[in-house]
Amino acid sequence: MSIALEPLSHKVQRTAVGTMVDAALAHVRKDRQKAFAEMVDVAKQFYGDSFSEETYEHARAVLTDADSKWSKLINCVLDQTAPSVARTTALNLGYEAFFRGTKTIRENRTKYHCNIPWLILFDPTSACNMHCVGCWAGEYGHKNNLSFEDMDKIITEGKELGVYLYMLTGGEPLVRKADILRLAKKHNDVQFAIYTNSTLIDEPFCEEVVKLGNIAFMLSIEGTPSTNDARRGDGHYAAVMNAMDLLKAHGILFGTSICYTRDNLEAVTSDHFMRMLCDKGAHFGFYFHYMPVGNEAAPELMPTPAQRKYMIERIRYLRSEKSDIPFYPMDFQNDGEFVGGCIAGGRNYFHINSAGDAEPCVFIHYSNTNIHDSSILDILRSPLFMAYHNGQPFNKNHLRPCPMLENPELLRQMVHDTGAHSTDLQSPESVDHLCDKCGAYAADWQPVADEIWSHVTLRESRYENYKDWRPAHSTAHAK
């Protein structure tokens with residue numbers, strides 16, 4: 001099927017794409033490998049030369065091979081996803097976010113000379129019903145909430161800039177179930193992903209979610225019952241298992257959100273754990289390196305250099321054809337080579353906390369602007385965000401991407417130079433206190449990271465969102 005997309009209005013274009021999605025999903029039920037080949041053709045029609053011809057051919061070869069890891073992974077997801085959820089996700093994530101949104105975002109980056117993100121992360125509430133060791137959110141209390149109007153403003157203004165993916169964190173976002181459902185219904189053209197501790201997912205909520213089709217979930221879990229509950233509290237592991245069963249039974253998309261620490265790293269990456277996740281219905285997920293953020297943080301939980309090296313090797317193995325486990329893991333800290341380093345400060349995403357403070361990263365609790373008195377565009381052009389825009393990438397070695405964890409002198413300088421203030425909702429932490437905790441870690445990690453990086457061959461990037469654009473492998477502009 002071929003449709004000339006560009007001349008059509010947004011509404012008509014979305015309808016046309018919906019017809020294409022319906023046809024593809026119908027074919028999937030009959031001949032999946034043929035349908036996958038057609039999907040590659042549709043993707044090529046959408047994205048054109050954003051990807052090389054070799055990339056399209058490789059995707060076609062892999063997806064039409066019924067025995068390939070990726071065919072099996074996609075089959076697992078399709079088998080358990082409700083048709084309405086699959087259709088809405090394809091439209092909102094595939095068309096609105098990846099295709100139309102990406103084009104709009106790139107145009108606005110040129111127009112406004114600042115970072116424009118691909119996704120926005122925000123906290124509906126500071127409230128959380130748990131107190132996990134080393135986590136700041138459980139200490140914040142119930143005093144801060146974004147109103148429905150605040151959240152509606154974030155999404156409305158974000159869509160005007162091309163942003164069609166919104167992730168919700170906290171606190172525990174599902175403390176605000178009613179408003180989240182209302183928000184997803186009003187903005188039924190965007191994709192939502194909710195990071196949750198799972199304890200508030202129940203049958204009535206799942207019934208509402210599957211009707212909407214545009215909410216996915218990232219469930220926090222950390223290995224075995226013992227390693228998980230040691231940090232998150234007795235009974236949490238069982239609550240996650242129950243939530244997975246409910247989401248799978250209703251055909252709702254979900255993955256995992258895993259914080260890896262010095263204590264749980266092997267437990268959360270073992271074959272046994274990964275296969276358990278697949279059996280329960282999770283086939284993708286994010287891994288997050290523990291960050292020593294907050295005055296009550298536990299720096300001793302940060303992985304050792306040897307453990308971090310293990311993590312890099314392990315995640316790449318799990319993503320390779322050598323592993324037969326149908327799970328796709330993403331590593332927020334160690335996958336910098338695939339996204340050009342730090343993605344914060346609006347380069348690909350930024351964060352708004354429950355008090356409305358705009359922070360460059362969910363782990364960087366400093367700000368000089370607030371959603372209550374600034375537009376999304378104002379936020380992206382504020383001093384701290386422009387410091388990110390002007391400084392990225394923060395290191396030519398993308399295994400040392402962060403201006404806090406691996407390059408603490410850079411965050412220290414940006415916060416001091418821009419006059420940004422601590423946004424910690426319980427106990428404000430000075431940037432010097434935070435960066436001092438990262439100094440020894442950064443020094444220990446540098447030689448290991450540099451040795452690994454010396455063997456990396458970066459692919460040629462067709463687009464890189466830096467102030468001074470150069471291909472991703474160029475180091476002339478890196479500090």
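What you see below is based on every heavy atom in this structure, not just the backbone, and it leaves out hydrogens, waters and symmetry mates. Because the structure is predicted, anything quoted here is derived from the model rather than measured.
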Looking only at side chains, do E406 and N397 share a donor and an acceptor under 3.5 Å apart?
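Not at all, the side chains of E406 and N397 share no donor-acceptor pair under 3.5 Å.
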
From R14, K159, R100, residue fulfilling side chain to side chain donor-acceptor pair (under 3.5 Å) relative to D189 |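 In the set R14, K159, R100, the residue that makes a side chain to side chain donor-acceptor pair (under 3.5 Å) with D189 is K159.
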
Is the shortest distance from a Lys or Arg side-chain nitrogen in [X] or [Y] to a carboxylate oxygen in the other one below 4.0 Å?
| X | Y | result |
| --- | --- | --- |
| K44 | E57 | no |
| R316 | D331 | no |
| D79 | R32 | yes |
| K69 | D324 | no |
| D41 | R60 | yes |

Counting N and O atoms only, with roles assigned by atom type, does the side chain of [X] sit under 3.5 Å from a partner on the main chain of [Y], one being a donor and the other an acceptor?
| X | Y | value |
| --- | --- | --- |
| H351 | E359 | no |
| S71 | D65 | yes |
| S68 | V62 | yes |
| N407 | R400 | yes |
| R347 | C342 | yes |
| Q80 | K248 | no |

* When rounded to the nearest 0.5 angstrom, what distance separates CE in M167 from CG in D123? ->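 M167 CE to D123 CG: 13.5 Å, rounded to 0.5 Å.
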
